[in-house]
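These notes are about the structure you will find just below.
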Amino acid sequence: MIPNSQAFSHELIEQTVKVGDIVIDGTTANGSNTRFLATRIGKSGQVISYTTTKDNANATAASLFMSGLLERVTLLSKNIDEQFITELGSNNQVSLAIFDYSEDAQNENNLPLDYLNQVNHVLPRLTHSGLLIIKFNHQPDSWHNFSDSLLSADYKQACYLTENITTYLIERI
């Protein structure tokens with residue numbers, strides 16, 4: 001059975017994230033990735049979750065509260081920007097970051113113009129063997145130029161394509 005993009009991404013998260021890790025949901029949207037990450041990090045980990053709409057933040061907070069996971073998540077009502085290092089902590093790294101611009105997160109039409117800047121803030125903060133997952137229903141032309149510019153000595157890349165969604169993986173080596 002071929003997994004859909006959500007099952008594939010969540011399987012990778014299960015394999016990568018350990019209890020106590022710090023992880024990033026760069027595009028909270030419907031909150032499904034944030035909730036799943038919160039289940040993987042345990043009580044000693046942290047999810048930093050970025051959401052650009054108040055409705056998404058409120059819905060995610062309510063869902064996390066109802067499932068007993070709210071204390072594991074820091075919800076920020078903004079995009080990742082130059083304050084990212086301060087929000088993360090200057091000595092901290094992340095084991096996994098996800099940017100989901102797909103129908104899985106109900107976020108397929110919300111790709112910001114500066115999405116590559118956001119990715120560039122996160123990539124250097126990945127741990128060795130840390131993973132960045134980015135999903136698109138409609139991948140922008142700028143993505144290929146960006147991924148081609150990454151040094152193969154620093155990053156491994158892979159792609160998983162389903163009927164509607166392309167999932168790109170970047171692993172820091």
Side-chain angles (χ1 to χ4, degrees), residues 1-29 32-42 44-50 72-74 76 79-82 84-85 87-105 107-108 111-112 114-173:
M1 182 165 106
I2 297 173
N4 64 27
S5 63
Q6 186 78 339
F8 177 75
S9 297
H10 285 189
E11 187 174 313
L12 287 170
I13 291 168
E14 285 182 338
Q15 293 174 11
T16 304
V17 175
K18 296 172 184 53
V19 171
D21 281 357
I22 300 171
V23 295
I24 304 294
D25 184 350
T27 54
T28 300
S32 64
N33 292 317
T34 298
R35 279 188 308 279
F36 189 74
L37 289 167
T39 67
R40 309 313 307 158
I41 57 154
S44 60
Q46 180 185 18
V47 178
I48 302 173
S49 184
Y50 292 84
R72 300 177 185 189
V73 178
T74 301
L76 300 173
N79 283 323
I80 293 173
D81 58 18
E82 61 279 344
F84 175 68
I85 299 300
E87 294 154 359
L88 175 63
S90 60
N91 294 324
N92 292 331
Q93 292 184 288
V94 298
S95 62
L96 183 129
I98 186 166
F99 292 83
D100 194 341
Y101 302 108
S102 76
E103 62 195 46
D104 287 345
N107 201 27
E108 64 269 27
L111 181 73
D114 71 339
Y115 82 99
L116 287 176
N117 290 333
Q118 294 177 49
V119 170
N120 273 322
H121 285 299
V122 173
L123 270 179
R125 303 306 294 190
L126 288 175
T127 60
H128 291 286
S129 300
L131 189 63
L132 182 128
I133 301 170
I134 188 164
K135 298 166 59 173
F136 301 106
N137 270 72
H138 310 286
Q139 67 190 34
D141 293 333
S142 59
W143 177 253
H144 287 294
N145 292 334
F146 172 77
S147 64
D148 288 346
S149 74
L150 295 175
L151 297 175
S152 60
D154 295 331
Y155 301 100
K156 287 185 197 176
Q157 297 186 56
C159 175
Y160 183 73
L161 179 65
T162 59
E163 191 171 310
N164 297 325
I165 299 172
T166 306
T167 304
Y168 290 95
L169 311 169
I170 299 174
E171 178 185 11
R172 185 171 182 199
I173 52 175

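Small disclaimer: the values here were computed from a predicted structure and weren't measured.
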Separation between [atom1] of [X] and [atom2] of [Y], rounded to the nearest 0.5 Å:
| X | Y | atom1 | atom2 | result |
| --- | --- | --- | --- | --- |
| I173 | L126 | CD1 | CG | 12.0 Å |
| Y160 | T166 | OH | OG1 | 11.5 Å |
| H128 | E171 | NE2 | CD | 11.5 Å |
| S9 | L169 | OG | CG | 7.5 Å |
| N33 | I98 | CG | CD1 | 4.0 Å |
| E163 | I165 | CD | CD1 | 10.0 Å |

- Message: Apply side-chain contact (heavy atoms from CB on, under 4.5 Å) to residues F136 and E108 and explain how you reach the verdict.
- Response: CA-CA 7 Å; F136 301 106; E108 64 269 27; over 6 Å; no
Side chains of residues 12-24: which donor-acceptor partners sit under 3.5 Å, not counting sequence neighbours?
from	atom 1	to	atom 2	distance (Å)
T16	OG1	L12	O	2.8
D21	OD2	K18	N	2.8
D21	OD2	S95	OG	2.9

If I compare all heavy atoms of [X] with all of [Y], which pair ends up nearest, and what's the gap?
| X | Y | result |
| --- | --- | --- |
| T162 | P3 | CG2-O, 4.0 Å |
| C159 | Y168 | SG-CE2, 3.7 Å |
| A29 | A105 | CB-O, 3.1 Å |
| R172 | P124 | NH1-O, 3.1 Å |

- Message: Please enumerate all residues that pass ring pair (Phe, Tyr, Trp, His ring centres under 6.0 Å) together with H10, with sequence neighbours excluded.
- Response: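 Listed in chain order: F36.
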Could you tell me whether the side chain of [Y] reaches within less than 4.5 Å of the side chain of [X], counting heavy atoms only?
| X | Y | result |
| --- | --- | --- |
| V94 | T127 | no |
| T27 | Y50 | no |
| I133 | F99 | no |
| E87 | D81 | yes |
| I41 | V47 | yes |
| L37 | L96 | yes |

Please list, one pair per line, the donor and acceptor atoms closer than 3.5 Å that link side chains of residues 146-156 to other protein atoms, with sequence neighbours excluded.
from	atom 1	to	atom 2	distance (Å)
S147	OG	W143	O	3.3
S147	OG	H144	O	3.2
S149	OG	F146	O	2.6

- What's the verdict on side chain to side chain donor-acceptor pair (under 3.5 Å) for Y101 and Q139, showing C-alpha distance, side-chain angles and the deciding distance? CA-CA 9 Å; Y101 302 108; Q139 67 190 34; over 6 Å; no
- Item | For N4, all residues meeting side chain to side chain donor-acceptor pair (under 3.5 Å), sequence neighbours excluded |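 Not a single residue meets the side chain to side chain donor-acceptor pair (under 3.5 Å) criterion with N4.
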- Message: Going by the rule side chain to side chain donor-acceptor pair (under 3.5 Å), which residues pair with S142 if we only count those two or more places apart in sequence or in a different chain?
- Response: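 Checked S142 against side chain to side chain donor-acceptor pair (under 3.5 Å); matches are Y115.
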- Item | Derivation of the side-chain contact (heavy atoms from CB on, under 4.5 Å) call for S32 and Q6 | CA-CA 10 Å; S32 64; Q6 186 78 339; 3.5 Å; yes
- Task: Answer yes or no: does atom CG of L161 have more than 12 heavy-atom neighbours from other residues, nucleotides or ligands under 6.0 Å?
- Result: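 Atom CG in L161 is packed in, count exceeds 12.
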- Working for side-chain contact (heavy atoms from CB on, under 4.5 Å), residues I48 and D25: CA-CA 6 Å; I48 302 173; D25 184 350; over 6 Å; no
- So, T34 versus S49: side-chain donor-acceptor pair below 3.5 Å or not?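 Short answer, yes.
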- Qualifying salt bridge (Lys or Arg N to Asp or Glu O under 4.0 Å) pairs with a residue from residues 96-105, counting only residues at least two apart or across chains: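 Passing the test, one end in residues 96-105: D100-K135, D104-K135.
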- Item | Step-by-step side-chain contact (heavy atoms from CB on, under 4.5 Å) determination, L131 to I170 | CA-CA 6 Å; L131 189 63; I170 299 174; over 6 Å; no
